[in-house]
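Here is how names work: the chains are called A, B, and so on, in the same order as the sequence lines, proteins then strands, and each is numbered from 1.
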2 protein chains.
Amino acid sequence: MKASPRPCSIADTLALVGEKYALLVLREVSLGVYRFDRIARNTGAPRDILTARLKRLVEAGILEKVPYNERPPRYEYRATEAGAELQPVLVTLMAWGDRHLNADARPVVLEHDCGEVLSPRLVCAHCGGEADRGSLSHHVRSPGWTTTGPVETAAGGGEA
Amino acid sequence: MKASPRPCSIADTLALVGEKYALLVLREVSLGVYRFDRIARNTGAPRDILTARLKRLVEAGILEKVPYNERPPRYEYRATEAGAELQPVLVTLMAWGDRHLNADARPVVLEHDCGEVLSPRLVCAHCGGEADRGSLSHHVRSPGWTTTGPVETAAGGGEA
DNA sequence: CCGGTGAGTTGGATTTTCAAACCCTCTTGT
DNA sequence: ACAAGAGGGTTTGAAAATCCAACTCACCGG
């Protein structure tokens, strides 16, 4: 019995993309910047760290190497389908920063198909209603865990 | 001319919540776990790191300390309005992990008001249409930057 | 041949993380 | 009263990650 953290998809996802620069690499790729040197410059990541991140993201199936030159072998890093599905994470992070940190001058603006500047909104795919703090409830399905913490293994299962 | 990284709200936001455990702390708070010890156990964060993260998140206006006991002074950490607005980031991270890492057994399930299990979808607040890779375009508004990189200060501004 | 570009690799200094122990202030049990 | 325990940290030193500059290797252009 040694204090393992809560099982959670957020933690699992962050284990792949939560290291420093990983999401910035994804940002660059989603902006169309696919090559090592330019990703390094645009993110500010040291080159050795970038090497490690790219390797990890490729292994995780988030990026893939696409050759663009033989002799010497050179690759571009492009998002896989799984990688592209991380875009909502980037968009919501950006929206938060735009609102709370850069309210007066957003460095990058996203434009939606409809012609408007994107204000992203998270909704329920079933009913289309907003999915925010007030409209969501959590159900923990991991054995041994409740919403607030691990189940005490005897001697008074209740919470403080 | 010393290679500064791209100005970007994603990077700015990650500077606040991108350090290890920061988003897991927010996850716990959004699950209703407000106290030091329990957050430490549920996230697995070492206590000294947790102290540092909580301090930073409070300073950033994402969490606030609410006293629940004097003598000795004890506080709960609760999300501010700004902190609550990070929920979409947590939800999209969780959705990705649920799909790509825990497809067979989601550790936590979110239920929406409408009675269904939440499938989050990111849409444009204006037109209501899906906001994904295909329907978005980027416009870089930082002086000296284009979509793919910094503007070369002379001698041929083009890209490789 | 010389300089330059792209994509790394290597070595060593600096920061962070980590784990365990310690501290202080109450509260509870006997 | 006294010992034990809970809650919320701080301290200490070892282990890991990050940073940065320099170096390599393969090619290209002149």
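OP1 or OP2 of C:dG8 has at least one side-chain nitrogen or oxygen of A:Tyr77 nearer than 4.0 Å. Between B:Tyr21 and C:dC18 there is a side-chain polar atom (N or O) within less than 4.0 angstrom of OP1 or OP2. The shortest distance between the side-chain N/O atoms of B:Lys20 and the OP1/OP2 oxygens of D:dA17 is not below 4.0 Å. Between D:dT18 and A:Arg53, a contact under 4.0 Å exists linking OP1 or OP2 to a side-chain N or O. Of the side-chain N and O atoms in A:Arg71, one or more sit less than 4.0 angstrom from OP1 or OP2 of D:dC27. The shortest distance between the side-chain N/O atoms of B:Tyr68 and the OP1/OP2 oxygens of D:dG8 is below 4.0 Å. The phosphate of C:dA7 (OP1 or OP2) has no side-chain N or O of A:Thr51 nearer than 4.0 angstrom.
Rounded to whole angstrom, the span from the CD1 atom of B:Ile49 across to the P atom of C:dA20 amounts to 14 Å. The separation between A:Asn69 atom CG and C:dG8 atom P is 12 Å, rounded to whole Å. The distance between atom CD of A:Glu76 and atom P of C:dG6, rounded to the nearest whole Å, is 13 Å. Taking atom CZ of residue A:Arg41 and atom P of nucleotide D:dC20, one finds them 16 Å apart after rounding to whole Å. We find that CG of A:Asp37 is positioned 12 Å from C1' of C:dG4, with the value rounded to whole Å. Rounded to an integer number of Å, the gap from CZ of B:Phe36 to P of D:dA6 is 16 Å.
The pair A:Arg56-A:Glu19 counts as a salt bridge, with a side-chain nitrogen and a carboxylate oxygen less than 4.0 angstrom apart. Using a cut-off of 4.0 Å between Lys/Arg side-chain N and Asp/Glu carboxylate O, A:Glu28 and B:Arg6 are scored as salt-bridged.
Checked by atom type, the side-chain pair A:Tyr34/A:Arg78 shows a donor-acceptor distance below 3.5 Å. Between the side chains of B:Ser135 and B:Asp132, a donor-acceptor pair is found at a separation under 3.5 Å.
No donor-acceptor contact under 3.5 Å links the side chain of B:Arg74 to the base of D:dG8. Taking only distance into account, the side chain of A:Arg47 meets the base of C:dA7 through a donor-acceptor pair shorter than 3.5 Å. Counting atom types as modelled, A:Asp48 pairs a side-chain N or O with a base atom of D:dC20 as donor and acceptor under 3.5 Å.
With B:Phe36 as the aromatic partner, B:Arg41 does not meet the cation-pi criteria of under 6.0 angstrom to the ring centre and within 45 degrees of the ring axis.
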